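Structure record follows, encoded as structure tokens.
This is a predicted model, so every value here is computed, not measured. Just the heavy atoms: all of them, side chains too, but no hydrogens, waters or symmetry mates, feed the values below.
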2 protein chains.
Amino acid sequence: MSKEQEMDSRGNEGKKYRTPDGIPADIVMFTLTRQERKASTKSLPRFDLKVMLIRRRSWPFAGAWALPGGFSQEDESLFETARRELKEETGVDGSHLEYLGVYSKPGRDPRGWIISHAFFALVEEWVLEKRQSADDAQEVGLFTVKEALEELDLAFDHREILADAYLRIQQQMLHTTIAKQFLPPHFTLGELYQVIQTVVPDFAELNFIRKITSTRSRQGILEEVRDENGKPMLSNQYSQRPAQLYRFTDFTPQLSIYT
Amino acid sequence: MSKEQEMDSRGNEGKKYRTPDGIPADIVMFTLTRQERKASTKSLPRFDLKVMLIRRRSWPFAGAWALPGGFSQEDESLFETARRELKEETGVDGSHLEYLGVYSKPGRDPRGWIISHAFFALVEEWVLEKRQSADDAQEVGLFTVKEALEELDLAFDHREILADAYLRIQQQMLHTTIAKQFLPPHFTLGELYQVIQTVVPDFAELNFIRKITSTRSRQGILEEVRDENGKPMLSNQYSQRPAQLYRFTDFTPQLSIYT
DNA sequence: GGAATAGTGTCTGTTAGACAGTATTGG
DNA sequence: CCAATACTGTCTAACAGACACTATTCC
């Protein structure tokens, strides 16, 4: 049946056809935790990519871990739903939030015809940690992605959503500059490299620093940070030898498999 | 309100909250039309990227052009809805079909709370041309994307959907091997270049043939077609001098802005 | 021969990749 | 001095980009 015919016969007001029972937005909240390593001198922290989950208390999937989320209302777009939920869950606004996809397989939710929209968010570590301890109404957990995918029984099709989100964040990490969401405004190339490697373990570049700094084709992604006198700004937070600080520009190069 | 609380208070059966009035899938059907050029010798055809639209006959937006689509049913996923609609509209199965996104801005459809899911499909030219002439129940149009975006008044938010789909297909054309959807199984590098340029007008590679054929980093995207004796297969369909035929492999390289 | 497409030659400067070596500084 | 990170030197092969040049075939 064509759209027009359906719409014609359905008319404006009458509820002739069955409609869904709910349209939630579920959010995969990623964060990067840093943990100091014990070393004899200063060293880069080890990073872990973690995801926030909430333990369900009621049917269905009571006791299972699930992605945070909530139902969309008539007066908001799904992106607004997701932003609202993200704010409610973290208490913080302005995190990176991106649409992932729709999950609508029949039977995915035993409560009925429920079509879920997945988003993923990149949240700063302290936000989720605060949330984790402050909220006594819900049990909140922070798990590494590997743990969550391999060892946890997730509710609904949330394992599939998380797996898709993981693939997407890896892709975005290499194709765009979302790495900046996990970094302070000024950072060293060592930090950037760690962030990329944490999200994309396969990423390995022997000459990373040189390629970023000295190839024309990648100029414009990053720029050196200088103080008001034009002197390069350095940091020795993670190393004995001070390292140049960088920041992202607004430029994101266009990639192509053909050129 | 958290998801759990909402779900708890909502219960299993009762329809306490308002739910959407319909969840359609709308499909941006792209095709590449070829038109021979009048030239004194054989020459490559000119290509145009076109999109199929349907003229609405009833409220709302009666008389306006709209994307084909239809409402999702409870027993199917949205991808299945889209595939079913694509089949119904074209009479053909197996075209490339890909999810684009969700369109849920309040007020986007005067009939009520209607959340649309956009897909895009890459369809062979003859399919849409057959459809165009065969169907007398609906007025069907094939427009270049430029025309549709700049000169037509599209129904609903379909201009926005089309604009998003156009951006996406350009991105996919450069990041993946969807160019093969617009090409016969065996094709010349001239044809491939034309296809890419038609979809991505900015694409310009002076040494396209050489880069594709003789750089190690891109080896594996394409392979030469050979006959059973191992002899390279050539085509002179579009040129006096026969050109080597190629086909896509299953390999798609991974891109990165950092390496 | 002309037209149209399909390549190849050639040159310069840039980049990739590997790996060794030097620099800096707190402990 | 040692450890840990931050670079720089160096060398070779590969690649990018520009542009001229040759190749093939039908008309």
Side-chain angles (χ1 to χ4, degrees), chain A residues 34 36-47 186-197 202-222 224-225 232-246 253-259, chain B residues 34 36-47 186-197 202-222 224-225 232-246 253-259:
Chain A
R34 335 189 147 210
E36 309 304 326
R37 297 179 304 167
K38 30 188 168 294
S40 57
T41 73
K42 284 185 205 169
S43 63
L44 273 168
R46 206 167 69 78
F47 290 95
H186 301 166
F187 51 87
T188 67
L189 296 181
E191 281 182 281
L192 173 58
Y193 188 62
Q194 288 285 315
V195 167
I196 299 173
Q197 275 216 316
D202 289 343
F203 185 82
E205 278 304 315
L206 214 57
N207 292 335
F208 181 72
I209 290 183
R210 165 173 294 151
K211 285 174 79 163
I212 285 291
T213 56
S214 73
T215 61
R216 200 151 35 211
S217 60
R218 269 174 293 274
Q219 261 175 29
I221 301 178
L222 298 178
E224 296 180 0
V225 180
M233 286 178 67
L234 307 176
S235 160
N236 66 344
Q237 186 177 6
Y238 299 124
S239 61
Q240 312 289 23
R241 171 172 171 176
Q244 175 64 48
L245 287 169
Y246 288 84
Q254 297 307 308
L255 300 170
S256 162
I257 61 172
Y258 296 113
T259 112
Chain B
R34 333 189 148 212
E36 310 303 325
R37 295 179 307 168
K38 27 189 171 295
S40 57
T41 72
K42 285 184 205 170
S43 63
L44 273 169
R46 208 165 70 78
F47 290 94
H186 300 166
F187 52 86
T188 66
L189 296 181
E191 281 182 281
L192 172 59
Y193 188 62
Q194 288 284 316
V195 167
I196 299 173
Q197 276 216 317
D202 288 343
F203 185 81
E205 276 305 314
L206 215 56
N207 291 336
F208 181 72
I209 291 183
R210 165 172 294 151
K211 286 175 79 162
I212 285 291
T213 56
S214 73
T215 60
R216 194 142 50 203
S217 59
R218 269 173 293 274
Q219 259 174 31
I221 302 179
L222 297 179
E224 296 180 359
V225 181
M233 287 178 65
L234 308 176
S235 160
N236 65 345
Q237 187 178 4
Y238 299 123
S239 61
Q240 311 291 20
R241 172 172 171 176
Q244 176 65 47
L245 287 169
Y246 288 85
Q254 296 308 307
L255 300 170
S256 162
I257 61 172
Y258 296 113
T259 115

query = Axis-to-axis angle across the helix from C:dG1-D:dC27 to C:dG27-D:dC1, five pairs an end, to 10 degrees?
reply = 10°
key: Atom-to-atom span, CD of A:Q244 to P of D:dT5 - whole angstrom   = 19 Å
request  = Quickly work out the A:L245 CG to D:dA6 C1' distance and round it to whole Å.
outcome  = 13 Å
request  = Give the rounded distance in Å between these two atoms: OH of B:Y238 and P of C:dG7.
outcome  = 15 Å
query = Closest heavy-atom contact between A:I257 and B:P253?
reply = CG2-CG, 3.6 Å
inquiry  = Below the 4.0 Å mark, does C:dT14 have OP1 or OP2 next to a side-chain nitrogen or oxygen of A:T215?
reply    = no
task = Give the C-alpha distance, both sets of side-chain angles, the deciding distance and a yes or no for side-chain contact (heavy atoms from CB on, under 4.5 Å) between B:L222 and B:L192.
result = CA-CA 11 Å; B:L222 297 179; B:L192 172 59; 3.9 Å; yes
ask   = For the pair made of CG in B:L234 and C1' in C:dG7, what is the distance, rounded to whole Å?
value = 12 Å
inquiry  = Restricting to ring pair (Phe, Tyr, Trp, His ring centres under 6.0 Å), what partner residues turn up for A:F47, sequence neighbours left out?
reply    = none
message = Using side-chain contact (heavy atoms from CB on, under 4.5 Å), reason through B:T213 and B:L189 one step at a time and then give a plain yes or no.
response = CA-CA 9 Å; B:T213 56; B:L189 296 181; 3.7 Å; yes
task = Would you mind building the protein contact string for nucleotides 17-27 of chain C? One character per nucleotide, 5' to 3', B for base within reach (heavy atoms under 4.0 Å), S for sugar-phosphate only, - for untouched.
result = BBB---BBBB-
ask   = What is the distance, rounded to the nearest whole Å, between atom CG of B:L189 and atom C1' of C:dA4?
value = 17 Å
request  = Please report the shortest heavy-atom distance between B:K42 and B:N236, naming the atom on each side.
outcome  = NZ-O, 2.9 Å
key: Protein-nucleotide distance (A:R46, atom CZ; D:dT5, atom P), rounded to Å   = 14 Å
key: Value in whole Å for how far the P atom of C:dA4 lies from CD of B:E191   = 18 Å
task = Give the rounded distance in Å between these two atoms: CZ of B:F203 and P of D:dG17.
result = 11 Å
inquiry  = Which heavy atom of A:E36 sits nearest to which heavy atom of A:P45, and what is that distance?
reply    = OE1-CB, 4.2 Å
message = Over all strands shown, is A:L44 touching base, sugar-phosphate only, or nothing at heavy-atom distances under 4.0 angstrom?
response = sugar-phosphate
A:Y246 and A:I212: CA distance, side-chain angles, deciding distance, side-chain contact (heavy atoms from CB on, under 4.5 Å) verdict = CA-CA 11 Å; A:Y246 288 84; A:I212 285 291; 5.6 Å; no
remark   = Interatomic distance, CG@A:D202 vs OG@B:S256, rounded to 0.5 Å, equals 12.0 Å
request  = Starting from the C-alpha separation in whole Å, work towards a yes-or-no answer on side-chain contact (heavy atoms from CB on, under 4.5 Å) for B:Y258 and A:Y193.
outcome  = CA-CA 10 Å; B:Y258 296 113; A:Y193 188 62; over 6 Å; no
